[in-house]
Asks: 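If you scroll down you'll find the structure; I have some questions about it.
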Amino acid sequence: MSTRIYVLNGPNLNLLGTRQPEVYGHETLADVQQRLIGRAAELGFEIDFFQSNHEGEIIDKIHEARSRADGIIINPAAYSHTSVAILDALNSFEKPVIEVHISNIHKREAFRHHSFVSARAEGVIAGLGTKGYLLALEYFVEAGQ
Ligand code: DQA
């Protein structure tokens, strides 16, 4: 059975490419998905790519991942800074979690400097643009998942 990685994206990331391109770049979420699927195919990995603007839907997807995924790459977007519920859901997931932020949240407003999810994540990639998702995928090669 091939390694299956869930890639979860939080609110407003559906607007990637048109939303504040000076912060988040011009690539769309569909572009990110395509690049990840391409790299995953080379690695023999399977990607389940998901975006939602609703906290509960992200939590439901994390619950699904408990029995279906070998790892999670998550950009919780604004929920990073607010959601104990997403942290609790991730704490119920027993395999590695990598947190990704397209922008460097530490260079931005103070309210973005804290992420609840970071307390659970094996690692955090921030500020490397959408390439962060691909770098997160490489972690799972290194981790021998
Ligand atoms: C983000 C950073 C968050 O602070 C913000 O709310 C987002 C995107 C990022 O990828 O840089 O929506 O997670």
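These numbers come from the heavy atoms of this one structure, side chains and all, not from hydrogens, waters or symmetry mates. Start at 1 and go down the list; that is how both ligands and their atoms are numbered. Source: prediction; values computed, not measured.
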Asks: Could you list the atoms of ligand 1 found under 4.0 angstrom from a heavy atom of H81?
Replies: 3 (C), 4 (O)
Asks: Give the residue and atom name of whichever protein heavy atom lies nearest to atom 11 (O) of ligand 1, and the separation in Å to one decimal.
Replies: S103 OG, 2.6 Å
Asks: With no hydrogens and no angle check, is any side-chain donor or acceptor of S80 less than 3.5 Å from a backbone partner on A77?
Replies: yes
Asks: Are V7 and I98 joined in one hydrophobic group, where the rule is that I, L, V, M, F, W and Y side chains link up if heavy atoms are under 4.5 Å apart?
Replies: yes
Asks: Among protein heavy atoms, which lies nearest atom 9 (C) of ligand 1, and at what distance?
Replies: I102 N, 3.3 Å
Asks: Any donor-acceptor pair under 3.5 Å linking the side chain of H113 with the backbone of R108?
Replies: yes
Asks: What do you reckon, does L13 have a nitrogen or oxygen under 3.5 Å from a nitrogen or oxygen of ligand 1?
Replies: no
Asks: Can you spot which of E99, H81, H101, R120 makes a side chain to side chain donor-acceptor pair (under 3.5 Å) with S115?
Replies: E99
Asks: Identify the closest protein heavy atom to atom 7 (C) of ligand 1: which residue and atom is it, and at what distance?
Replies: Y24 OH, 3.5 Å
Asks: Measure the distance from atom 5 (C) of ligand 1 to every protein heavy atom, then report the residue, atom name and distance (to 0.1 Å) of the closest one.
Replies: R112 NH1, 3.3 Å
Asks: Please write down residue, atom name and distance for the protein heavy atom closest to atom 2 (C) of ligand 1.
Replies: I105 CG2, 3.7 Å
Asks: State yes or no: do F50 and I5 share one hydrophobic cluster built from I, L, V, M, F, W and Y residues joined by side-chain heavy-atom distances below 4.5 Å, directly or via other members?
Replies: no
Asks: Report, as yes or no, whether the 6.0 Å neighbourhood of atom CZ on R66 holds more than 12 heavy atoms from other residues, nucleotides or ligands.
Replies: no
Asks: Considering R19, Q20, H101 one by one, which has a heavy atom nearer to atom 12 (O) of ligand 1 than any of the others?
Replies: R19
